[in-house]
Amino acid sequence: MAQKITKREQDYSQWYLDVVREAKLAEHSPVRGTMVIRPTGMGLWENMRNALDTMFKETGHENAYFPIFIPKSFLSKEAQHVEGFAKECAVVTHSRLKAVDGGVEVDPDSRLEEELIVRPTSETIIWDTYRNWIQSYRDLPILINQWANVVRWEMRTRLFLRTMEFLWQEGHTAHATREEAVAETKQMLEVYRTFAEEYMAMPVLTGVKTESERFAGAEDTYCIEALMQDGKALQAGTSHFLGQNFAKAFDVTFQDSDGEHKLVWATSWGVSTRLIGGLIMTHSDDSGLVIPPKLAPTQIVIVPIYRNDEQRATVLEYGSALMDELKAEGIRVKLDDRDNYKPGFKFAEHEAQGVPLRIAVGPRDVENNNVELARRDTFEKNIESREGLVPKVKSLLEIIQDDLYKTALKRREELTSIVDSYEEFKKVLDDKGGFIYAHWDGTAETEELIKNETKATIRLIPFGDGEEGTCMVTGKPSKKRVVFARSY
RNA sequence: CGGGGAGUGGCGCAGUCCGGUAGCGCAUCCGCUUUGGGAGCGGAGGGUCGCAAGUUCAAAUCUUGUCUCCCCGACCA
């Protein structure tokens with residue numbers, strides 16, 4: 001069997017790229033750091049988007065759309081925010097090209113009066129808009145989400161994990177009180193956690209970012225943090241309590257019920273196509289993509305097996321009847337009736353693309369009223385009776401979903417360590433990787449030192465109270481352990 | 001942006017050192033035989049060698065510039 005996918009233990013980065021390619025999720029586009037998301041990848045994103053969108057609606061949010069172009073002056077209004085994003089903004093300076101012998105060049109006469117920023121995130125344009133929408137406490141809260149593309153001029157890119165243009169959702173809410181905004185921030189973090197666990201089958205830790213890892217312009221950044229198979233962490237989603245920073249910068253005030261004019265409290269929260277990268281590195285194996293049934297664009301593929309036209313007709317009839325029955329149950333199913341590929345080839349191809357369940361039907365199955373069921377995640381194959389197959393298959397999809405989560409959780413637990421000394425910390429980091437719970441004195445200096453010496457960062461500070469101790473580096477007191485890891 | 005590697009039919013590569021007008025495997029198309037784990041045989045199509053300049057009688061090959069990708073670092077979701 002030809003091996004088109006590099007083995008994980010041989011070269012994890014190459015394996016990741018091979019999986020993306022063989023699963024037909026995406027490919028590089030001519031401009032550095034940009035990608036074409038292919039139908040399979042987009043199908044996956046659409047399923048993720050639909051699930052999230054439903055959850056956003058259920059928590060009272062509405063979708064809106066704000067422009068991709070932002071006046072340059074807006075970016076400079078919130079100091080932290082500028083500092084965070086200034087270095088990675090694409091700027092539109094001209095409005096047209098002109099033809100010159102055989103090609104085109106930028107028309108110098110078309111220089112814009114005010115240059116435009118291609119949004120790296122939309123806080124500024126949104127808060128500029130909210131100012132006009134908010135006058136009274138009766139206008140609050142504003143609970144809006146948008147699905148959009150954003151551009152960040154990254155130095156080093158990887159398909160899905162970090163691209164210059166990516167698709168995401170950004171929620172932007174406005175509230176009358178601090179408490180309400182904080183509650184919103186936490187609620188949306190919970191939405192992300194639920195989505196990651198229940199749909200992506202990806203266990204995540206939740207917590208607060210340290211000051212150095214915080215979103216530019218936020219008072220607090222909460223995050224969900226996942227652990228990849230190679231022991232590196234991935235920030236999978238963030239929810240920010242923005243305090244009154246943007247309200248101050250954009251002068252967004254409201255008259256409260258007590259007659260006082262007050263600054264609005266804000267949140268923003270987002271997840272991106274980066275989640276697809278996380279999904280790949282959580283479940284996939286050396287045969288290709290593995291994706292949870294709830295998100296799989298195709299949940300079941302039916303592969304017919306035959307020796308001649310007569311058998312082909314019989315088997316296809318049997319297979320398409322089964323397909324119709326599965327479709328009627330709302331299952332996303334395909335019948336692979338291509339005649340120019342052999343079954344073995346199709347098996348390998350659908351495995352590479354991560355279809356969770358395969359049903360093979362051949363003349364023997366038709367005769368015995370059977371099918372062969374094969375699980376993508378475990379490669380387990382069984383002959384099953386055609387009678388009662390549909391409910392069996394439905395529950396099997398649920399079992400696969402569940403098993404993927406359990407397997408991922410077990411691996412995360414195995415890759416999680418608790419250490420007390422810096423020596424041990426370094427050893428665990430190099431030998432095993434993963435999440436490491438350790439005491440830290442709470443200073444940016446110590447955090448920086450650890451990062452410089454070990455490349456590990458504080459992924460999050462867990463919520464709530466923890467066991468007190470002393471910092472593994474400085475010996476100063478620590479209120480609780482924080483989570484370290486090397487990360488993507 | 002610094003260090004390293006690489007761009008040659010759709011994909012993977014050889015050819016580059018030592019210039020002489022492009023080849024292999026897979027894929028594609030046609031035909032026949034096949035089909036329960038990536039089919040076999042026969043035939044056919046497809047490349048201005050990433051792009052741009054330069055050197056030369058002659059450039060995939062030498063020189064310079066530039067773009068893109070991969071790995072490692074600094075930055076970030």
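Each chain gets a letter, A, B and so on, in the order the sequences are listed, and its residues count up from 1. What you see is a predicted model, and the numbers here were worked out from it, not measured in a lab.
When heavy atoms are screened at a 4.0 angstrom cut-off, Arg312(A) is found touching no nucleic acid atom at all. If you check every strand for non-hydrogen atoms under 4.0 Å, Thr163(A) touches a base. Backbone-only engagement by Arg32(A) is indicated by non-hydrogen atom pairs under 4.0 Å involving sugar-phosphate atoms exclusively. Backbone-only contact: Gln235(A) has heavy atoms under 4.0 Å from sugar-phosphate atoms and none from a base. At the heavy-atom level, Lys381(A) lies under 4.0 Å from base atoms of the strands shown.
Pair assignment for rA6(B) gives rU68(B), based on Watson-Crick or G-U wobble hydrogen-bonding distances that are each under 3.5 Å. A 3.5 Å limit on both hydrogen-bonding distances identifies rA53(B) as the Watson-Crick or G-U partner of rU63(B). rG31(B) and rC41(B) make up a base pair, with Watson-Crick or G-U wobble contacts both under 3.5 Å. Base pairing of rG47(B) is not made with any nucleotide, judged by Watson-Crick or G-U wobble geometry with both donor-acceptor distances under 3.5 Å. Across the strands present, rC18(B) finds no partner; the criterion is a Watson-Crick or G-U wobble pair with both atom distances under 3.5 angstrom. The pairing partner recorded for rG36(B) is none, the criterion being a Watson-Crick or G-U wobble arrangement whose two distances lie under 3.5 angstrom. Across all strands shown, the partner of rG12(B) is rC24(B), judged by Watson-Crick or G-U wobble contacts whose two distances both fall under 3.5 Å.
Across rA39(B) and rU34(B), the matching P atoms stand 16 Å from one another, rounded to whole Å.
With Met200(A) as the partner, the side chain to side chain contact (heavy atoms under 4.5 Å, CB included) test is satisfied by one option alone out of Leu275(A), Ile276(A), Thr282(A), Ile291(A): Leu275(A).
Cation-pi contact between Arg358(A) and Phe347(A): present, with separation from the ring centre below 6.0 Å and deviation from the ring axis of at most 45°. A cation-pi contact, defined as under 6.0 Å to the ring centre and within 45° of the axis, is absent between Lys342(A) and Phe345(A).
Residues from residues 296-308 of chain A that place a heavy atom under 4.0 Å from any atom of RNA chain B, listed by number: Ile305(A), Tyr306(A), Arg307(A). Only Arg358(A), Ala360(A), Gly362(A), Pro363(A), Arg364(A), Asp365(A), Glu372(A), listed by number, bring a heavy atom of residues 353-380 of chain A to less than 4.0 angstrom from any atom of RNA chain B.
Screening residues 353-377 of chain A for ring pair (Phe, Tyr, Trp, His ring centres under 6.0 Å) gives no qualifying pairs among residues at least two apart or on separate chains.
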